[in-house]
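No hydrogens, no waters, no symmetry mates; every other heavy atom, side chains included, goes into these values.
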2 protein chains.
Amino acid sequence: MDKNEKNITIYSISQKLGLSPSTVSRALRGSPLVREETRKRVLRVAKELGYATNSFARSLRTKKSHIIAIITEDITNPFTSLIIKGIEEVTAKNNYHIIYGNGDGNLNKEKRYLNALIQRQIEGLIYISTVSREIKDFYLNTSIPVIFSYSYSLTPDIPSIIPDDLYGGYIATEYLIKLGHKRIAFIFGPAGYKATTDRLAGSKKAFEDYNLDWDHRLVRHCKEWDSASGYKEALDLLSKDIIPTAIFAGNDLIAVGVMDALREKGLNVPKDISVVGYDDREVCGYVRPKLTTVRLPLVEIGKKSAEILINHINGKNEGIEAITRVKGELIIRDSCCSLGFKSKEVMPEK
Amino acid sequence: MDKNEKNITIYSISQKLGLSPSTVSRALRGSPLVREETRKRVLRVAKELGYATNSFARSLRTKKSHIIAIITEDITNPFTSLIIKGIEEVTAKNNYHIIYGNGDGNLNKEKRYLNALIQRQIEGLIYISTVSREIKDFYLNTSIPVIFSYSYSLTPDIPSIIPDDLYGGYIATEYLIKLGHKRIAFIFGPAGYKATTDRLAGSKKAFEDYNLDWDHRLVRHCKEWDSASGYKEALDLLSKDIIPTAIFAGNDLIAVGVMDALREKGLNVPKDISVVGYDDREVCGYVRPKLTTVRLPLVEIGKKSAEILINHINGKNEGIEAITRVKGELIIRDSCCSLGFKSKEVMPEK
DNA sequence: ATGAAAGCGCTAACAG
DNA sequence: CTGTTAGCGCTTTCAT
């Protein structure tokens, strides 16, 4: 513009004011080693000139990038974006920036990102995966701290921040029990997932605490985490001798399939059979009846992940647990009611 | 490790090989000015030493960051993540990295990000907003190219990549017409949104092309883009004289509300009334019947945004349109059928 | 095909 | 409170 073609640097400012670059640098960063009046002059001229810090130069010098990376396994998954939201909230507060890469379920792409980002001098990395069950050992030998968000790292060397599914399974089951249900069926997700075994353990614990008998005939596992599987298992379950008064599904999608089967059998939800889901996906508000479910604490998991990572970066890494569990909460909608209210009867208040 | 505490730089390599740093630098970048054998030696030692380029130093020197920024208005919106996926696909191919910031619907936060990221020497920026209707003039006076993704920038100086809602409105309406429907009701989203006026224009165009009369009594606007509004409008519509045989809703959520109203009135979807939504949200597959809808081309919008931005960065900015529209497609599910099939009758094949 | 030297813009001793 | 100096790690003329 009015200045030369040259970039505007602290040197431009120092020249204009007859100061040294170091003083300008200090003033800009708010060092107490600079007279208030001087700072003001510097700030004014900086604005006048349209000066902007060159953060490459700064980072080169200080060896601090103030950047962390997020690598996702699948950004398409609706859980992922809520976790990212949580991460972003705390990085923004702590003046960190986020470099984002999508692994796309492709191991090579993940590795390439990891290497490229380390060259970018990132100070830490959060890996968000919602399905992974394999150890990703290339995250182990990095020079920077790594956190696994949502999924288990499967190694104590990388902290995992995950939902407390044991607690979730417990509160969902307890809710049904308190509604008077005793014959509760469980249509869990596929066996072999931590999410499944934890939710199951929580349900079992609730049964124990309330002195109910665990009936294996009412416990099922879906082949997949989807409605088709839930539908299939529910249909099969309903063809047997004992019919439950309530069903706890492994996740919301399974629950939708369960409700399909129930509808097909002419059973009313919730009057004949209550249904509880898990995750609190967007669909819960749009299926009819609206689905009561356990909310996954995704934003909170993101926040926690970022907090732990940043503490780690700043050396406060005493007492970091290998696994941090974050509790969700029960979201009560319209798919459950007290035992004793049959079809055609009036629903109880609340 | 076995080396000193010092960082491993090209200098470390050059020492070990008795070469100059410049040669090492060239070798590393695959310059043709270096003998093949020399390159191999350099590469081997680099690997041995665990060398990683310091991209700050490189960027400081070359003045190219190879970073673009994404600022979102609301990452929580399920559209946003699909757009990001599209952007990421093309940046990854072109060796750009993404710095991500969430504006959170907070103008100040957005501005702060913009400034901070410019200091990071980002080469371009994509702003993803799904609701914005105000001009964000602070994106105008930047030294770097900016693209608005999904929403209108409202100024020709910033290219907008948006869904072709005129086309979408057209194909949805045409589909219903071809199914034999003539008395089609429209429960659009709130007036004042481009998405609304475009979809409406598309529908009108289809009516013209097929010589149907546009009946104002069958056209409604919701107060909000949600099911409650859809429900309300549908209920009111159904209380009037003329009952439509099909309803085109402003988006999927409105469609869910419409279907609620229909169910309440004892009308069967699709046998009594067909319903078409818009957006292709996840819910479409989980409501019953599954909702036929127009898919928003979100990944494609993301890709297009990134392509245009990168071209822009590389100076290929001749012929960049102020507005680029990307076409979606009709996703046929179970909520529509040919006129003439009444309740209790058998559904037609396919 | 390789090397020497300078410098990108900033910060951090050190000196005063 | 301010200035001098050096150097972060890399690329890039300019020589050879």
Side-chain angles (χ1 to χ4, degrees), chain A residues 3-43 45-46 49-67 116 118-123 143, chain B residues 3-43 45-46 49-67 116 118-123 143:
Chain A
K3 280 267 81 168
N4 224 331
E5 267 305 325
K6 284 291 269 172
N7 270 321
I8 296 137
T9 71
I10 51 170
Y11 193 69
S12 330
I13 302 176
S14 72
Q15 289 236 304
K16 187 141 184 177
L17 263 65
L19 285 168
S20 78
S22 14
T23 303
V24 174
S25 170
R26 289 186 192 108
L28 252 18
R29 281 172 298 146
S31 155
L33 298 175
V34 93
R35 217 194 320 153
E36 188 50 34
E37 192 225 315
T38 315
R39 180 196 333 289
K40 278 195 179 132
R41 282 164 59 214
V42 169
L43 258 34
V45 174
L49 262 37
Y51 167 82
T53 310
N54 181 324
S55 59
F56 288 138
R58 172 179 289 174
S59 290
L60 178 59
R61 190 60 237 252
T62 60
K63 300 189 176 310
K64 297 221 142 297
S65 65
H66 262 248
I67 294 178
I118 283 177
Q119 298 196 170
R120 291 268 188 206
Q121 320 294 122
I122 54 166
E123 297 185 23
S143 44
Chain B
K3 282 265 76 166
N4 224 329
E5 266 306 325
K6 285 293 268 171
N7 271 320
I8 296 139
T9 70
I10 50 170
Y11 193 67
S12 329
I13 301 176
S14 72
Q15 289 236 305
K16 187 141 185 175
L17 263 64
L19 286 167
S20 78
S22 8
T23 304
V24 174
S25 169
R26 289 187 190 107
L28 254 16
R29 280 172 300 143
S31 156
L33 299 175
V34 90
R35 217 194 321 155
E36 189 50 33
E37 192 226 315
T38 315
R39 183 201 325 292
K40 279 193 180 137
R41 283 165 58 214
V42 168
L43 258 33
V45 173
L49 262 36
Y51 168 83
T53 311
N54 182 324
S55 60
F56 287 137
R58 172 179 290 174
S59 290
L60 178 58
R61 191 59 236 255
T62 61
K63 298 188 179 312
K64 297 221 144 297
S65 65
H66 262 249
I67 294 178
I118 284 176
Q119 299 196 169
R120 290 267 188 207
Q121 319 294 123
I122 54 166
E123 297 185 22
S143 44

Report task. Just jot down the side-chain hydrogen bond (donor to acceptor under 3.5 Å, both in side chains) partners of A:S59, sequence neighbours excluded, or say none. Result -> none
Report task. Calculate, to the nearest 0.5 Å, the distance between atoms CG and OG belonging to A:N7 and A:S12 respectively. Result -> 8.0 Å
Requested in this report: Could you tell me whether the side chain of B:S22 has a donor or acceptor atom within less than 3.5 Å of a complementary atom in the base of C:dA4?
Outcome: yes
Query raised in the report: Between C:dG3 and B:T23, is there an OP1 or OP2 to side-chain N/O distance shorter than 4.0 Å?
Result: yes
Report task. Kindly give the heavy-atom pair with the smallest separation between A:A27 and A:V34, and that separation in Å. Result -> CA-CG1, 4.0 Å
Requested in this report: Return the set of residues passing side-chain contact (heavy atoms from CB on, under 4.5 Å) with B:I67 (not counting sequence neighbours), or none when no residue passes.
Outcome: A:R120, B:S65, B:H97, B:I99, B:I122
Query raised in the report: Sequence neighbours excluded, which residues qualify as side-chain hydrogen bond (donor to acceptor under 3.5 Å, both in side chains) partners of A:S31?
Result: none
Report summary line: Axis-to-axis angle across the helix from C:dA1-D:dT16 to C:dG16-D:dC1, five pairs each end, nearest 10 degrees, ~ 30°
Query - Partner set under salt bridge (Lys or Arg N to Asp or Glu O under 4.0 Å) for B:R58, not counting sequence neighbours - result: none
Query raised in the report: Hey, is the side chain of A:Y11 poking within less than 4.0 Å of OP1 or OP2 on C:dT11, counting only N and O atoms?
Result: no
Report task. Quick one: list whatever passes side-chain hydrogen bond (donor to acceptor under 3.5 Å, both in side chains) with B:S20, sequence neighbours left out. Result -> B:S22, B:T23
Query raised in the report: Has A:S20 got a side-chain N or O lying under 4.0 Å from the OP1 or OP2 atom of D:dT4?
Result: no
Query - Phosphate-side-chain proximity, A:R61 and C:dG9, N/O vs OP1/OP2 below 4.0 Å - result: no
Report task. Please list, by residue number, the residues of residues 32-43 of chain A whose heavy atoms come closer than 4.0 Å to an atom of DNA chain C; answer none if no residue qualifies. Result -> none
Query raised in the report: Has A:K63 got a side-chain N or O lying under 4.0 Å from the OP1 or OP2 atom of D:dG9?
Result: yes
Report task. Would you indicate what A:T53 reaches in the nucleic acid, counting non-hydrogen atoms under 4.0 angstrom: base, sugar-phosphate, or nothing? Result -> sugar-phosphate
Query raised in the report: How do A:S25 and B:L19 order along DNA chain C: which one's closest nucleotide is nearer the 5' end?
Result: B:L19
Query raised in the report: Among all residues two or more places apart in sequence or in another chain, which pass the side-chain hydrogen bond (donor to acceptor under 3.5 Å, both in side chains) test with A:R61?
Result: none
Query - Residues which pass side-chain contact (heavy atoms from CB on, under 4.5 Å) with A:L17, listed by chain and number, not counting sequence neighbours - result: A:L19, A:R41, A:V42, A:V45
Query raised in the report: Using a cut-off of less than 4.0 Å, is there contact between a side-chain N or O of A:N7 and OP1 or OP2 of C:dG9?
Result: yes
Identify the pairs formed between an N or O of the protein and an N or O of nucleotides 14-16 of chain D at a distance under 3.5 Å, and give each distance.
none

Going by atom type alone, with no hydrogens or angles, which donor-acceptor pairs under 3.5 Å involve a side-chain atom of residues 50-57 of chain A and a protein atom two or more places apart or on another chain?
unit_1: A:N54; atom_1: OD1; unit_2: A:F56; atom_2: N; d: 2.8
unit_1: A:N54; atom_1: OD1; unit_2: A:A57; atom_2: N; d: 3.1
unit_1: A:S55; atom_1: OG; unit_2: B:Q119; atom_2: O; d: 2.9

Query raised in the report: With a 4.0 Å cut-off on heavy atoms, is A:T62 in touch with a base, just the backbone sugar-phosphate, or nothing at all?
Result: sugar-phosphate
Query - Inter- and intrachain pairs under salt bridge (Lys or Arg N to Asp or Glu O under 4.0 Å), touching residues 22-35 of chain A, at least two apart - result: A:R35-A:E37
